[in-house]
Engineer: 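Right, I'll just put the structure down here and ask away after.
Chain letters run A, B, ... following the sequence lines, proteins first and then strands; every chain starts at 1.
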Amino acid sequence: MPRYIAHLDMDAFYASVELLRYPDLRGQPVVIGGGRRHQPALLADGTRRYARLAEYAGRGVVTTATYEARALGVHSGMGLMKAAALAPQAILLPTDFDEYRRYSRLFKAAVAEIAPQIEDRGIDEIYMDLTDVPGAQDAVGGDPLGGVRAVARAIKENVRRATGLTCSIGVTPNKLLSKLCSDLDKPDGLTVLTEADIPARIWPLPARRINGIGPKANARLEALGIRTIGELAACERQWLVEHFGPSYGAWLHEAAHGRDDRPVVTHSEPKSMSRETTFERDLHPRADREQLGALFTRLCEQVAADLARKGYVGRTIGIKLRFDDFRTVTRDQSLPSPTDDARLIRHAAGQCLKRVTLDRRLRLLGVRVGGLRRKEEVARPGPPVAAEPSAPYTLPLF
DNA sequence: TCTGGGGTCCTAGGACCC
DNA sequence: TCTGGGGTCCTAGGACCC
């Protein structure tokens, strides 16, 4: 029996949620990003006044853009100042993560009514295992994929009914291919394919589209004359291993042939939690010492609050600094026992900070707690346990 | 016009233990 | 006096993803 793995990606998620609130913006280039300063203003006549990208000044980046804004060359991750140069008249809205999280829960619940085997991949996408969903294995009118296609359509319809939003779905035998396919027919798309379709549908795509080939690996591939997934598939495994190492090289070979046996993981525990902030202007370690210290303490308090709210403690405390030249350094330190105490975190983070040479202005400061455990599963620090009676004799190794 | 914030995983060297 | 080797933990950095 074939596996039917699906990947669902909400279409321009943040921007689409905003359009539900501000339907008058539908059809216009809209960009989401930056701080709260460009909140729409409600005018006396009941209409709203929106900020234009041209009015923005600061260090924010584009979080999402509507398809109309993308047509002007604006993409997520782009600096807002650069986006403003491309599309000065585009509407700028601040990000409202609470609202996006609310819609995220709504769409996931709608999916779960039909396909309960869900792997969370962030706020706007999920994998689903449709293999055991009733009807997924049925042929429809001689089409062996008719059953899964109908299931996927039902999921899309349920999401739309619950949220008013559209999504795109890819259904294939594995996660790697499904992720690729959910992107082939956006927005409001549905792409179903089997292994037999790989040469015609997958191999013409740029290698960069594979989840796991980022800007660095792609640049190295291009330098070797490899641009498409098909060109990658044509490479000998051994040759890829020689150029990219045993692990990544072998994976590149598998990926290019559309092979991936990772399961859909329906539950996972967090490994770390962090808070970081980029300053409006670069701060000097000495001249702005007080401000930095206050910021540092606040980050520690925020991570501590995040840990407590979610019921975790952690024992590896780390800091992250970014200098004005964009160089990033991290330092961490493991404590004897896990904590969610802001003062303990602040102290350990302070120790970490002492190990960094502060010879430049800073643009970012971050605090992270790793090595997480569920708080209720960690033994209370009780009275010291009596030492084991020392062994009378240690077995020699040889 | 310089590049957010929240994560995961991998690699690699050194300490330390058996 | 020098020689092995495996395992785990700790730390730093980097690639990648949403």
Engineer: Taking only the side-chain heavy atoms of A/Pro270 (C-beta and beyond), determine which of B/dG6, B/dT3, B/dT8 contains the nearest atom.
Structural biologist: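 My answer, after comparing the listed nucleotides, is B/dT8.
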Engineer: Ignoring backbone atoms, test whether A/Arg331 places a side-chain nitrogen or oxygen under 4.0 Å from the OP1 or OP2 oxygen of C/dG13.
Structural biologist: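 For C/dG13, OP1 or OP2 has a side-chain N or O of A/Arg331 closer than 4.0 Å.
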Engineer: Assess A/Arg281 against A/Phe279: is NZ or CZ under 6.0 Å from the centre of the six-membered ring, and within 45 degrees of the ring's axis?
Structural biologist: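 Cation-pi check for A/Arg281 and A/Phe279: fails.
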Engineer: Between A/Ser168 and A/Ser182, do the side chains contain an N or O donor and an N or O acceptor separated by less than 3.5 Å?
Structural biologist: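 No, A/Ser182 and A/Ser168 have no side-chain donor paired with an acceptor closer than 3.5 Å.
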Engineer: With rounding to the nearest 0.5 angstrom, report the CG to CD distance, A/Asn218 to A/Glu222.
Structural biologist: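 Rounded to the nearest 0.5 Å, the CG-CD separation comes out at 4.5 Å.
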Engineer: Determine whether the side chains of A/Glu113 and A/Asn158 contain a donor N or O and an acceptor N or O closer than 3.5 Å.
Structural biologist: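 Yes - a donor-acceptor pair under 3.5 Å links their side chains.
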Engineer: Should the heavy atoms of other residues, nucleotides or ligands under 6.0 Å from CZ of A/Arg237 be counted, would the total exceed 12?
Structural biologist: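 Enclosed.
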Engineer: After noting the C-alpha distance and the side-chain angles of A/Val171 and A/Leu145, does the key distance pass the side-chain contact (heavy atoms from CB on, under 4.5 Å) rule?
Structural biologist: CA-CA 10 Å; A/Val171 186; A/Leu145 298 176; over 6 Å; no
Engineer: What's the spacing between A/Glu125 CD and A/Asp120 CG if we round to 0.5 Å?
Structural biologist: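 So the CD of A/Glu125 and the CG of A/Asp120 are separated by 10.0 Å.
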Engineer: Distance check, C1' atoms only: C/dC17 and B/dG4, in whole angstrom units.
Structural biologist: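 Pairwise C1' distance, C/dC17 against B/dG4, rounds to 14 Å.
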Engineer: Would you please confirm or rule out a distance under 4.0 Å between OP1 or OP2 of B/dT3 and any side-chain N or O of A/Arg322?
Structural biologist: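 For B/dT3, neither OP1 nor OP2 has a side-chain N or O of A/Arg322 closer than 4.0 Å.
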Engineer: Where along residues 228-255 of chain A does a heavy atom come under 4.0 Å from DNA chain B, residue by residue in number order?
Structural biologist: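 When residues 228-255 of chain A is checked for heavy atoms under 4.0 Å from DNA chain B, the hits, listed by number, are A/Ser247.
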Engineer: Please answer whether B/dC2 and A/Phe326 are stacked, defined here as ring centres separated by less than 5.5 Å and planes angled under 30°.
Structural biologist: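 Per 5.5 Å and 30° rule: no stacking.
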Engineer: Kindly point out which of C/dA12, C/dT11, C/dC17 is positioned nearest to the side chain of A/Arg208?
Structural biologist: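 Shortest atom-to-atom distance from the side chain points to C/dC17.
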Engineer: Determine the stems involving DNA chain C; a stem requires 3 or more consecutive pairs of the Watson-Crick or G-U wobble kind, each with both distances below 3.5 Å, and the answer is none if no such run exists.
Structural biologist: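 B:5-18 with C:5-18 - these are the stems of 3 or more pairs that involve DNA chain C.
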Engineer: For residues 210-226 of chain A, which residues have at least one heavy atom under 4.0 Å from DNA chain C?
Structural biologist: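 Within residues 210-226 of chain A, the residues near DNA chain C are A/Ile210, A/Asn211, A/Gly212, A/Ile213, A/Gly214, A/Pro215, A/Lys216, A/Ala217.
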Engineer: Do you see a donor-acceptor pair shorter than 3.5 Å between the side chains of A/Thr316 and A/Asp332?
Structural biologist: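 No - no donor-acceptor pair under 3.5 Å links their side chains.
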Engineer: Of all the nucleotides listed (B/dT8, B/dT3, B/dG5), which has the minimum atom distance to the side chain of A/Arg59?
Structural biologist: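 Shortest atom-to-atom distance from the side chain points to B/dT3.
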Engineer: Under a 3.5 Å threshold, yes or no: a donor from one side chain and an acceptor from the other, between A/Thr297 and A/Arg346?
Structural biologist: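 Yes - a donor-acceptor pair under 3.5 Å links their side chains.
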Engineer: Tell me yes or no: between the side chains of A/Arg373 and A/Tyr312, is some donor less than 3.5 Å from an acceptor?
Structural biologist: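 No donor-acceptor contact under 3.5 Å links the two side chains.
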Engineer: Under 4.0 Å between a side-chain N/O of A/Thr330 and OP1 or OP2 of C/dG13, yes or no?
Structural biologist: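 So the side-chain polar atoms of A/Thr330 do come within 4.0 Å of the phosphate oxygens OP1 or OP2 of C/dG13, strictly under.
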Engineer: Closest to the A/Thr277 side chain: C/dC18, B/dG5, B/dG4?
Structural biologist: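 For the A/Thr277 side chain, the nearest candidate turns out to be B/dG5.
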